[in-house]
Each structure stands twice: as C-alpha cells, then as structure tokens.
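In what follows, every heavy atom counts, from backbone to side chain, and hydrogens, waters and symmetry copies are set aside. Numbers restart at 1 for each chain; the letters A, B, ... are given by sequence-line order, proteins then strands.
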Protein chains: 2
Amino acid sequence: MKKPVDLTEKQYISQYNVHDFDVPLTTVDMAIFALIDQKLHVLLVQRNDHPFKGEWALPGGFIDLKKDKTINDTAHRKLLEKTGIHSPYLEQVQTIGQAKRDPRAWSVTILYFALIDYFTISSKGIVPSNEQAQWHTLEQAQNLSLAFDHQQLLNLATSRLRSKTRYTALPISLMPEYFTLTELQNSFEIILGYELDKKAFRRRILDAGIIKPTDMNKRSGKRDAQLFCINQLPLDFQFPRAI
Amino acid sequence: MKKPVDLTEKQYISQYNVHDFDVPLTTVDMAIFALIDQKLHVLLVQRNDHPFKGEWALPGGFIDLKKDKTINDTAHRKLLEKTGIHSPYLEQVQTIGQAKRDPRAWSVTILYFALIDYFTISSKGIVPSNEQAQWHTLEQAQNLSLAFDHQQLLNLATSRLRSKTRYTALPISLMPEYFTLTELQNSFEIILGYELDKKAFRRRILDAGIIKPTDMNKRSGKRDAQLFCINQLPLDFQFPRAI
DNA sequence: TAAATAGTGTCTTTTAGACAATATGGT
DNA sequence: ACCATATTGTCTAAAAGACACTATTTA
C-alpha cells in the first residue's frame, strides 16, 4: 500500500485508486415531511432489494459520482426521484457512520430532512420510482420496524424539525402559496405537539416580517381570514427567543 | 452490476463487495480550538504526503474500518493522535461532499470541531505524529492557503463555535479545572470578538447553574476572585436567549 | 341574534443590557 | 489612602405568555 516517496503530485494522483483501500459505503438518506389531514407525515419506501428487502425505510441511496457534483445534489436528486418536487426546504441533519449499521459493510449515511407542501405534489402524484413510496403518519412510522437504523435517523430528523420550529419559521415551507395565520399556527402546533397562544404567535410572525399580507381573503364558513404569502426566502431566520 | 433476483439476504451479503462500486473517498477532518495567550488558536498540520504535500491543513484522515466502530471513534482517535487528549468537547459540524474537493477522487469529509484546555496538554506537549502539528492563531490560519477546501471548513467550524458560544456555555470546555468568572468571561469575549457586560454575564452563567463556586480564591495581584468549577456535564445546555 | 372563528389590547413575566455603586486586597 | 479589580444593585428594554376583549361572517 505504501507508495514510493519521490512522486510528483500529478504522478501520485494518476496512480491513486480508491479501490486499493478499505472504504466505507456512503449513502444519503432523507426524512421528507409533509402535513396531510392535519397530521405530520413522513415518506417511506418499501425496499425492493436486499438488504432489508420488503421493509420500510427512509428514501435514500448512493451518491452517483457521475451525476452528482455535490452531496446536496444527491439529496435533491433523491427528493426529485421520490416526490417529483424540485427544490423545497432541504437541510443536512447529521452524518452517522458505524461498522454495524449496514450488514454489507462499514457504512456512513448523511441524513437530510425536507419539508414540502403536500398539495403542490398531490396534484402531480408521487413520481414512480423503483420502490413503493408511501406517506405514513409520524406515529405509524415510529411504530413500524424500519430497515437499518432508520428508526434512529427518523428520530434525529424529527427532533431537528421540532427544535428548529421553536426558533425559526421553518414550517412556512409546508404551507401552500397563500395561507391564513390560523392555518400557519396550526402547522406549528401539529409539528410541536402543543398549542400556542394566538396573540403571541401572530405578533412574533408578523413583527419578523417573514410573511406579508395579500389583499385576498379566505372564506371558510365563519368569518373571513386574511391570506398571507411568504415575503422573503430566509426561512432559517432565527428569532431571538424560542417558543 | 445487476445481481440475480432470487438470492436470500445472506447470499446477497456474502457476495457483496464495496469495491464493485464507484464510491467516494470518506474522511474526517477536525478544527481543534484552544485559547493560548488570550487568543483563539487552531491546530494545523503540515502535510507529509500528496496531495497538497507540504501545505497546512486541518488534522484528519480516513476512517479506519478495523479500529473505529463509529465515526465518532474516528474523530476521537484523530484528536488523540494529534493532541494526546482523550475526550473533551467534540461535535460534528457538517459533512461536505464534492466531486472536486480532492484531486484524487469524489470526496466526502465529515467535519468536527473540538475545544480543549491548552494547559492540560501543554504540560504533556503535543504527541508526535507523522505530520508536523502546530498551533496557529485563527487569524494566521485564515491568512494561510490551506490544503483542499480546508479554508472553508475552518470558517464553518469557526462560525459554529461562535454561534454556539452565543446560546450555550461551550467555552467552559476551554477552561482549566478551576477558573474565575472574569477568566470565563474573557474566554467568551475572545471567541466572540466583542465585549460582554459583566453583570449580565455573571447573572446568566450563575443562574443557569452550570458552574459551582468553590471555597478557593485566586490571588492575582488585585482583589481576590472566587474560583469556580464545572457543575455538570451538559455544556450544550441552551439558554433561552442568545447574547 | 347566536355561534364560531378572526383578530386586538394590555398586563405580566422572563431575561438581557446599561451603568453606577460598593467591596476587597495589595501597594 | 489609592488603585485596580471583583462583585452587586437596580433601572430599562425586548420579546414571550396569559387572557380577556372586540370584529366579522354565516346560519
């Protein structure tokens, strides 16, 4: 394995071969969240191949060294393959690497999570992939026995989602183009699992200037509610305090 | 590359070989910070081998599939090799994967940062490694041209350090066993690059209960100052607001 | 007019910032 | 006594929580 010491860098690189070394498997896995019927859902796929054939898992796969220029490209590509969605909120959560997490080999996975508005994709439907993809409520997903250590990955992603919901405006990514403040508050509450004070919530969101009012109203049976839309991109805007 | 479809999982795994696939290089890199002479320093190594032979870089290297059970083991092992320190604060920052970041191959690196108390290692000295390791002030390091994309990695680690210093008590990891509140405040200020209000700082730290007073004083020429020590482990304790 | 939902007023609480005042120890 | 540094007192400011109140729409 030892190389002669008097090579130029060019010579060294030209004779370097990754396959000469013991390397781990490296994959990207994603927890893709959406709100459906007032519940937090996560997209799972049923594995077509070994290992864990037939079991539910987070969507993911190998980096395609040809197609992907960066690891974010891999994540975006996987998201597109599974949901047909191009570029919503996508964030790296953590990288988990362990000798035993994959029966095939020492394995590293880079975990992402994504938030998407279900209604923008439900119109298109989920783009077919070679695996069965299906939305599960978070509760269902947590009660399934998932492939690999995906149970743990799902928990990591969920707690990241919850904690960022407490000090950013992340859940706006789950909303359709126009939404009411009550609907937005609802999304926050579903993710967090507890209720928020209406006044405090509105003050917080409006004072931050991350959404702006439109001149449209939503008629939903009772009193009309004003519709809002996203003002600017920075959804990772941080509030000075958590809720 | 396609396998027959009727294998059992056991058969599939037994014939699986990572080397049959195009895989990225996977490494761990670390930004190891310490305070020396009232300045934030980072440990750099001078590369012994291609690529970037002779240039300064963050310490790091390949996962050792034999020695390391997890990727955190790799990080701890690297830290031990470079500094002789066993288990201080060590946190994963981010994973960067790009086709071009390493001239040898598509490469993924998992970036960690560590905070150590310089005086606990200066007594031992830096354990020799096959590379020249040397402390640089952050300023020096940022003005060097570092190997690979290590300049960018260093910036990522630095901004993570700074931002966590604003809402956790992380810098306690940089302190010796016993320290005064003024010394602690000083460490915060050096990392942040701006001054803090004395009263507010003390109130914040003491009310959080993360350090406890001892019955010892420090005589430093002027008025004695009370010595404190760490109360509990959770240095990733989060304050409700940032400073 | 009643019910239900949207939206507001306002007082309290928490925690950080400002800055002056006091305490202590060495010279 | 004086200086420098440690330590505390106290007022202000910002932003969240509590909760009651008003406004609008439909039935």
- For B:Arg223 and for B:Ala242, locate the closest nucleotide of DNA chain C by heavy-atom distance; then report the residue assigned to the nucleotide nearer the 5' terminus.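 Its nucleotide being nearer the 5' end, the pick is B:Ala242.
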- Message: What I want to check is whether the side chains of A:Gln92 and A:Asn72 have a donor and an acceptor closer together than 3.5 Å.
- Response: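 No donor-acceptor contact under 3.5 Å links the two side chains.
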- Message: Show the nearest heavy-atom pair for residues B:Ile116 and B:Leu174, with the distance to one decimal.
- Response: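 Closest approach of B:Ile116 to B:Leu174: O-CD2, 3.2 Å.
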- Grab the two heavy atoms, one from B:Met30 and one from B:Leu58, that are nearest each other, plus how far apart they are.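 Looking at all heavy atoms of both residues, the shortest contact is O-CB, 3.4 Å.
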- Could you give me the CA-CA distance, side-chain angles and deciding distance for A:Ile210 and A:Asn231, then say whether side chain to side chain contact (heavy atoms under 4.5 Å, CB included) is met? CA-CA 5 Å; A:Ile210 43 190; A:Asn231 198 7; 5.5 Å; no
How close or far is atom [atom2] of [N] from atom [atom1] of [X], stated in whole angstroms?
X        : N      : atom1 : atom2 : result
B:Gln226 : C:dA23 : CD    : C1'   : 14 Å
B:Tyr194 : C:dA18 : OH    : P     : 11 Å
A:Leu184 : C:dG7  : CG    : P     : 12 Å
B:Asn217 : C:dG26 : CG    : P     : 10 Å
B:Asp224 : C:dG26 : CG    : C1'   : 10 Å
A:Arg219 : C:dA4  : CZ    : C1'   : 15 Å
A:Leu181 : C:dG7  : CG    : P     : 7 Å

- Item | Nearest-nucleotide comparison on DNA chain D, the residue closer to the 5′ end among B:Thr180 and A:Arg241 |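 The 5'-side residue here is B:Thr180.
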- Task: Could you tell me whether a side-chain N or O of A:Thr74 sits under 3.5 Å from a main-chain N or O of A:Ile63, the two making a donor and an acceptor?
- Result: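 Side chain of A:Thr74 to backbone of A:Ile63, a donor-acceptor pair under 3.5 Å: no, none is there.
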- Message: Going by salt bridge (charged side-chain N to carboxylate O under 4.0 Å, His left out), name the pairs with one or both residues in residues 184-195 of chain A, residues two or more places apart or in two chains.
- Response: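 Matches after skipping sequence neighbours: none remain.
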- Task: Could you label the plane-to-plane angle of the B:Phe113 and B:Phe33 rings as parallel, tilted or perpendicular, counting under 30° as parallel and over 60° as perpendicular?
- Result: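 Rings of B:Phe113 and B:Phe33: perpendicular, over 60°.
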- Should B:His41 and B:Tyr118 count as side-chain neighbours, where that means a heavy-atom distance under 4.5 Å?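 Sidechains of B:Tyr118 and B:His41: no contact.
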- Below 4.5 Å, heavy atoms only, C-beta onward: do B:Ile205 and B:Phe228 meet side chain to side chain?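 SC-SC contact between B:Ile205 and B:Phe228 ruled out.
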- Contact list for DNA chain C against residues 196-208 of chain A - heavy-atom distance below 4.0 Å: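 Residues of residues 196-208 of chain A that come under 4.0 Å of DNA chain C are, in numerical order, A:Lys198, A:Lys199, A:Arg202, A:Arg203.
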- Item | Boundaries of the DNA chain D segment in contact with chain B, non-hydrogen, under 4.0 Å |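 Range of nucleotides within reach of chain B: D:dA4 to D:dA14.
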